[in-house]
Amino acid sequence: MYDNSRPDRYFSEDHQAFRQSLRGFVDSEIVPHVAEWEEKGRLPRELFRKAGRMGIQGVLFPEDVGGSHGDFFMQVVVVEEMARCGAGGVCASLGSHSIGIPPVVRHGSPELRETFAVPVIAGEKIAALAVTEPGGGSDVAQLRTTAVRDGDDYVVNGEKTFITSGMQADVFTVAVRTDPDSRGAGGISFLLIEGDRPGLHRQELTKMGWWASDTAHLTFSDCRVPAAHLIGEEGKGFKAAMMNFNSERLIIAVQAYSMAQVCYEEALAWARQRRAFGGTLSEHQVIRHKLIDMAARIDAARALTYDIIWRYMQGLDPLKVHVARTSMAKVTATDAMKFCADEAVQILGGMGYMRGTASERIYREVKVLTIGGGTDEVMRNLAASQLGI
């Protein structure tokens, strides 16, 4: 399989040096505590601060907000290495800032960047993105949460749901409709809303997987937000949301094939030491074929994702092609994760059904990646429309 530990056209020596330090961090600070955090349903705040000191939270952000201004392959290193812990909830919670803060950094005022982006990147605050609504799902253009201007404030009313880090977040980047009479993509804006604003209520949600990640349903009831908390231009939020989704989908693709890799490695280790019918499982052709099918799907998803990122960084593809291929990468990677999780549990047999194996946990977490960031069905339709099919 592809060896991503050596410098090549995707990863420089700097990328690989960061990978090695991050691998040590994951092994010492995360892996031993996964079971505990899964039971508690959230991560300790100290982990966010440690991640901030490691530079994990700021790899893509400019130096003026505390980031290291790395390229997207540096973010790939973060996602791949974090996934080695085998717990999607840990990755999702610790990475919620990566979709919540970019609109603030790109389009926010200097005051918003300094007050909110800087402490989030340092790990002192937790950020979350609030776009999905109970009645809208993947259809962002249908959002109904309104923000009506009243003097120096916006008055926000509506609901958001399935919000990662929603119970712990100190700050939310919220998609709202600032023109209630507008329909579809028009009239959508982003507001930055602090977690302790009067009128914001949170309800914790319980999930099939991602147990270590707290998830919330948010209700805004006449929640007054300073107009200065508008992110970018009023009514121009739909395009920003779509561009934010592109990055999120690539990150999901990386996490999906990396989780598939965890399943493959656990199944391979089990097959090499488990004996049945006169030999190890790995000596039986049917098991060897399962393992090679897993490896092939992981490599295909990884290769597609790397190529998309590299070509985008080189400016080789027009936006429509980039959006279409990003959608295809997400579907390809989540398909690989589904296949590998299923086969890994099958290879492990009864042990694969037991709590405590990574494959059992990942098996429960497969569906969230096929839904979050745009469902597989939406991804296929989006890719088709962008390519004129």
Side-chain angles (χ1 to χ4, degrees), residues 4 18-19 22-48 50-52 54-60 72 74-102 120 123 126-129 162-169 207-215 247-263 265-266 298 301-302 305 330 333-334 336-338 340-341 358-373:
N4 61 10
F18 184 57
R19 183 187 295 278
L22 184 53
R23 183 163 296 189
F25 176 82
V26 171
D27 288 343
S28 63
E29 300 291 341
I30 295 179
V31 171
H33 308 290
V34 165
E36 174 191 351
W37 297 338
E38 287 266 295
E39 290 301 319
K40 289 184 176 180
R42 62 197 59 199
L43 304 183
R45 282 189 170 259
E46 180 58 26
L47 182 64
F48 289 85
K50 289 179 179 179
M54 274 286 297
I56 295 172
Q57 310 292 67
V59 292
L60 287 179
F72 205 91
M74 198 66 84
Q75 183 65 39
V76 170
V77 169
V78 170
V79 179
E80 288 181 343
E81 292 304 314
M82 290 295 300
R84 291 181 61 255
C85 74
V90 173
C91 302
S93 188
L94 201 58
S96 64
H97 74 287
S98 67
I99 56 174
I101 283 299
V120 167
I126 299 173
L129 180 69
F162 311 139
I163 307 305
T164 301
S165 294
M167 295 304 297
Q168 291 196 93
K207 311 180 294 296
M208 178 191 299
W210 276 14
W211 292 354
S213 168
D214 64 287
T215 306
S247 296
E248 181 184 4
R249 287 161 185 162
L250 284 171
I251 289 171
I252 289 173
V254 176
Q255 183 176 345
Y257 72 66
S258 298
M259 288 295 178
Q261 177 84 27
V262 172
C263 291
E265 291 177 357
E266 185 172 59
I298 294 166
R302 182 190 290 113
T305 305
K330 181 179 182 293
T334 55
M337 183 181 174
K338 282 190 290 186
C340 292
S359 296
E360 181 273 335
R361 184 186 305 115
I362 293 170
Y363 190 88
R364 287 186 283 104
E365 295 178 348
V366 163
K367 294 306 294 182
V368 69
L369 293 188
T370 69
I371 296 170

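Computed from a predicted structure; not experimentally measured.
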For this session: Consider only side-chain N and O atoms of Ser258 and Glu80, and report whether a donor and an acceptor are under 3.5 Å apart.
Result: no

Exercise. Do Arg302 and Gln261 have side-chain N/O donor and acceptor atoms under 3.5 Å apart?
Worked result: yes

Over all heavy atoms of both residues, which pair between [X] and [Y] is shortest? Give the atoms and the distance, please.
{"X": "Ala260", "Y": "Ala336", "result": "CB-O, 3.9 Å"}
{"X": "Pro44", "Y": "Trp37", "result": "CD-NE1, 3.3 Å"}
{"X": "Ala127", "Y": "Ile101", "result": "CB-CG1, 3.6 Å"}
{"X": "Ala128", "Y": "Thr164", "result": "CB-O, 3.3 Å"}

Mind checking the [atom1]-[atom2] spacing from [X] to [Y]? Nearest 0.5 Å is all I need.
{"X": "Lys338", "Y": "Lys367", "atom1": "NZ", "atom2": "NZ", "answer": "5.0 Å"}
{"X": "Glu36", "Y": "Lys40", "atom1": "CD", "atom2": "NZ", "answer": "4.0 Å"}
{"X": "Thr305", "Y": "Ile251", "atom1": "OG1", "atom2": "CD1", "answer": "12.0 Å"}
{"X": "Met54", "Y": "Leu22", "atom1": "CE", "atom2": "CG", "answer": "5.0 Å"}
{"X": "Glu365", "Y": "Met259", "atom1": "CD", "atom2": "CE", "answer": "6.0 Å"}
{"X": "Leu369", "Y": "Thr334", "atom1": "CG", "atom2": "OG1", "answer": "7.5 Å"}

Problem set entry | Axial cation check for Trp211 ring with Arg42, 6.0 Å and 45° limits | no

Determine whether [X] and [Y] make a side-chain contact, defined as any pair of heavy atoms from C-beta on separated by less than 4.5 Å.
{"X": "Trp210", "Y": "Cys91", "result": "no"}
{"X": "Met74", "Y": "Leu60", "result": "no"}
{"X": "Arg361", "Y": "Val34", "result": "yes"}
{"X": "Ser247", "Y": "Phe72", "result": "yes"}
{"X": "Val78", "Y": "Phe18", "result": "yes"}
{"X": "Met82", "Y": "Ile30", "result": "yes"}
{"X": "Ser96", "Y": "Leu129", "result": "no"}
{"X": "Tyr257", "Y": "Cys340", "result": "no"}

Kindly say whether [Y] contributes a backbone atom to a donor-acceptor pair with the side chain of [X] at under 3.5 angstrom?
{"X": "Arg84", "Y": "Asp27", "value": "no"}
{"X": "Lys330", "Y": "Glu248", "value": "no"}
{"X": "Ser93", "Y": "Gly89", "value": "no"}
{"X": "His97", "Y": "Gln57", "value": "yes"}
{"X": "Lys207", "Y": "Ser213", "value": "yes"}

For this session: Report the C-alpha separation of Arg364 and Glu360 in whole Å, then their side-chain angles, then the decisive distance to 0.1 Å, and conclude whether the salt bridge (Lys or Arg N to Asp or Glu O under 4.0 Å) test is met.
Result: CA-CA 7 Å; Arg364 287 186 283 104; Glu360 181 273 335; 2.7 Å; yes

For this session: Pick out which of Ile126, Leu94, Leu43, Thr215 makes a side chain to side chain contact (heavy atoms under 4.5 Å, CB included) with Ser165.
Result: Ile126

